[in-house]
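Structure, as structure tokens:
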Amino acid sequence: MEKAKKRPVYLDYAAATPCDPRVIDEMVACLKIDGTFANPHSKDHVYGWEAAEVVEQARERVADLIGVSPLEVIFTSGATEANNLAIMGLARALKQNGDGRRHIITSMIEHKAVLEACDALEQEGFEVTRLKPSKEGLISPKQVEEAMTPSTFLVSIAQANSVLGSVSDVHAIAKIVRERGAYFHTDTAQSAGYVRTAFDSSEISMATLTSEKICGPKGVGALYIKRAHKVPLMPLIMGGGQEKGLRGGTVPTHEVAGMGKAFEIMGKQGEADARRISSLRQRLEKAVAGIPGSLINGSSEHRVPGILSVSFKNIDGRKLLPELSAYVAASAGSACSSSDLKPSYVLTVVGLDDDLARASLRLSLGRYTTPQEIDEAAAAIAMVVKKLRGEGAQP
């Protein structure tokens, strides 16, 4: 029998994570004939009632992790939709209500779901200020305060950047924003469960949540909307008035059940996961920092446990991932066009030139990363960098 080829070490948890077996069990129970497979909006029989109970239990689990009421959690198809609902839904609702404010503040390194939503609103007559982060990828409260005008109605800054892993103090920013009478939104896709949320005691108006980064399923997310802030939102998806009329469409019971279980698990073991993952990241960082010509990007102090961005001088960055792919599954924080590998806009914004930005890796760790995998990945990265510099060949 032919021996199975060894798979690359998976270090792309910031893109997607494998589902925890406990999450899978929770989801499967919602799919079988003897399970809670029914439409949770069917109000006329026990099957629908049972499915609705599963949905509400999931809502409670999500709410518990971030310290809010279940009534403040709206399920969506993922973080992208939640970001769009928060930004475009608020802008259009205020416009429809006759609010004359038209100014939005965000940063230059937000996720495309935020940046492109803001781009679309500019086409509708809104004004957008995009703040430049520090070289560490941080946005300061002072920056936001100085950018605000009487016309500002929304500020949207991610808690953790998805390429650098840098964590901005969104709670301090939100306090300033609310004092000026505007709403504050944050994307917590990379931080929920690892970085303090406690939104009940925060001035954050809205927060985007997802499960695919914490060993839950893809295709499901949520938007936290603080009741005390009375945030007006116009739905983007019309349907049967599901999710308090803010998001039409049948709620997928198995997906939200999986998300709820993933959030429950994070509530119980998130701190332990964070300590273990942080230790492994430090081990990997020490190893890659020892490679000549390496540069660690982002903040050394304010960061999520599992994301490491590193660049390498004097190599052809377009060859880095292809050469490495047999050994390590990672990303560059880059977008591909049809003819060339474009450098990550996040890395160029924080000061890297195009060549160095191309010659970069985002290495992200998670629940199932092992010390052995870290050592294997570090050795492979060192070997590939050396090869690309013409200093050695693949064995």
Side-chain angles (χ1 to χ4, degrees), residues 11-17 78-80 82-83 86-87 105-118 128-144 147 155-174 184-197 204 206-210 212-214 221 274 277-278 281 284-285 295-311 330-335 342-352 356-358 360-366:
L11 292 182
D12 204 17
Y13 277 77
T17 58
T80 292
N83 283 333
I87 295 167
I105 298 172
T106 187
S107 87
M108 298 170 70
I109 59 170
E110 295 302 305
H111 191 278
K112 288 289 188 180
V114 170
L115 293 176
E116 293 186 12
C118 290
V128 180
T129 295
R130 299 168 181 83
L131 300 175
K132 184 179 176 62
S134 70
K135 65 179 181 179
E136 295 183 328
L138 301 173
I139 299 295
S140 71
K142 183 179 180 181
Q143 278 180 281
V144 173
V155 176
S156 180
I157 304 292
Q159 187 170 37
N161 181 265
S162 62
V163 174
L164 300 168
S166 301
V167 176
S168 295
D169 189 349
V170 293
H171 298 287
I173 295 173
F184 181 78
H185 164 256
T186 188
D187 183 340
T188 70
Q190 300 290 351
S191 58
Y194 293 119
V195 180
R196 184 181 78 85
T197 47
I204 290 172
M206 295 179 285
T208 288
L209 306 159
T210 190
E212 66 176 323
K213 315 299 185 185
I214 56 170
I277 293 168
S278 181
R281 189 208 69 241
L284 179 60
E285 181 174 341
L295 172 67
I296 304 299
N297 306 308
S299 173
S300 60
E301 181 181 0
H302 306 290
R303 62 196 298 176
V304 290
I307 296 178
L308 174 64
S309 173
V310 58
S311 304
S331 66
S334 302
K342 295 182 178 179
S344 163
Y345 66 93
V346 172
L347 296 179
T348 56
V349 165
V350 297
L352 275 65
L356 196 54
R358 283 193 185 94
S360 300
L361 295 174
R362 180 186 68 176
L363 305 166
S364 48
L365 296 62

Legend entry - Which residues share a ring pair (Phe, Tyr, Trp, His ring centres under 6.0 Å) with Tyr13, sequence neighbours left out: Tyr10
Inset, instruction - Tell me, please, which residues at least two apart from Arg196 pass salt bridge (Lys or Arg N to Asp or Glu O under 4.0 Å). - result: none
Inset, instruction - Compare every heavy atom of Thr106 with every heavy atom of Ile157, then report the nearest pair and how far apart it is. - result: CD1-C, 3.8 Å
Inset, instruction - Please check if the side chain of Arg281 supplies one atom and the backbone of Pro305 the other of a donor-acceptor pair under 3.5 Å. - result: yes
Inset, instruction - Could you give me the CA-CA distance, side-chain angles and deciding distance for Leu284 and Leu11, then say whether side-chain contact (heavy atoms from CB on, under 4.5 Å) is met? - result: CA-CA 11 Å; Leu284 179 60; Leu11 292 182; 4.2 Å; yes
Inset, instruction - Could you check if a side-chain atom of Phe184 sits within less than 4.5 angstrom of a side-chain atom of Val144, using non-hydrogen atoms only? - result: no
Inset, instruction - For the pair Thr208 (side chain) and Thr188 (backbone), establish whether a donor and an acceptor sit closer than 3.5 Å, ignoring hydrogens and angles. - result: no
Legend entry - Over all atoms of both residues, closest heavy-atom pair of Val304 and Ala160: CG1-CB, 3.6 Å
Legend entry - Shortest non-hydrogen separation from Ile109 to Tyr345 and the atoms involved: CA-CE1, 4.1 Å
Legend entry - Separation between OG of Ser311 and CG of Leu361, rounded to the nearest 0.5 Å: 8.0 Å
Inset, instruction - With sequence neighbours left out, write down each residue that passes side chain to side chain contact (heavy atoms under 4.5 Å, CB included) with Ser299, or none if nothing qualifies. - result: Glu136, Leu138, Ser166, Glu301, His302
Legend entry - Sequence-distant partners of Ser309, side chain to side chain contact (heavy atoms under 4.5 Å, CB included), two or more places apart: Leu164, Asn297, Leu347
Inset, instruction - Mark yes when over 12 heavy atoms from residues, nucleotides or ligands other than Lys132 sit less than 6.0 Å from its NZ; otherwise mark no. - result: yes
Inset, instruction - Walk me through it: do Gln159 and Thr197 pass the test side-chain contact (heavy atoms from CB on, under 4.5 Å)? - result: CA-CA 9 Å; Gln159 187 170 37; Thr197 47; 4.3 Å; yes
Inset, instruction - Apply side-chain contact (heavy atoms from CB on, under 4.5 Å) to the pair Lys112 and Thr80, showing each step before the final yes or no. - result: CA-CA 9 Å; Lys112 288 289 188 180; Thr80 292; over 6 Å; no
Inset, instruction - Measure the spacing between CG of Asp169 and OG of Ser140 and express it to the nearest 0.5 Å. - result: 10.0 Å
Legend entry - Over all atoms of both residues, closest heavy-atom pair of Ile214 and Tyr194: CG2-CE1, 4.2 Å
Legend entry - Set of side chain to side chain contact (heavy atoms under 4.5 Å, CB included) partners for Ser162, sequence neighbours left out: Gln190, Arg362
Inset, instruction - Quick one: list whatever passes side chain to side chain donor-acceptor pair (under 3.5 Å) with Asp187, sequence neighbours left out. - result: Asn83
Inset, instruction - Look up atom CG in Leu363 and atom CG in Asp12, then write down how far apart they are to the nearest 0.5 Å. - result: 9.0 Å
Inset, instruction - Give the intermediate values and the outcome of side-chain contact (heavy atoms from CB on, under 4.5 Å) for residues Val114 and Ile87. - result: CA-CA 8 Å; Val114 170; Ile87 295 167; 3.7 Å; yes
Inset, instruction - Please round to the nearest 0.5 Å and tell me the distance separating atom CD of Glu116 and atom CD of Glu110. - result: 13.0 Å
Legend entry - Sub-4.5 Å side-chain heavy-atom contact between Leu352 and Ser360: yes
Inset, instruction - Hey, could you give me the CZ/CD1 distance between Arg130 and Ile105, rounded to the nearest 0.5 Å? - result: 12.0 Å
Inset, instruction - Kindly compute the distance separating OG (Ser168) from CG (Asn161), expressed to the nearest 0.5 Å. - result: 8.0 Å
Legend entry - Side chain Lys213, main chain Ala15, donor-acceptor under 3.5 Å: yes
Inset, instruction - Over all heavy atoms of both residues, which pair between Ala357 and Thr348 is shortest? Give the atoms and the distance, please. - result: CB-CG2, 3.9 Å
Legend entry - Nearest heavy-atom neighbours spanning Cys118 and Val128: O-CG2, 3.7 Å
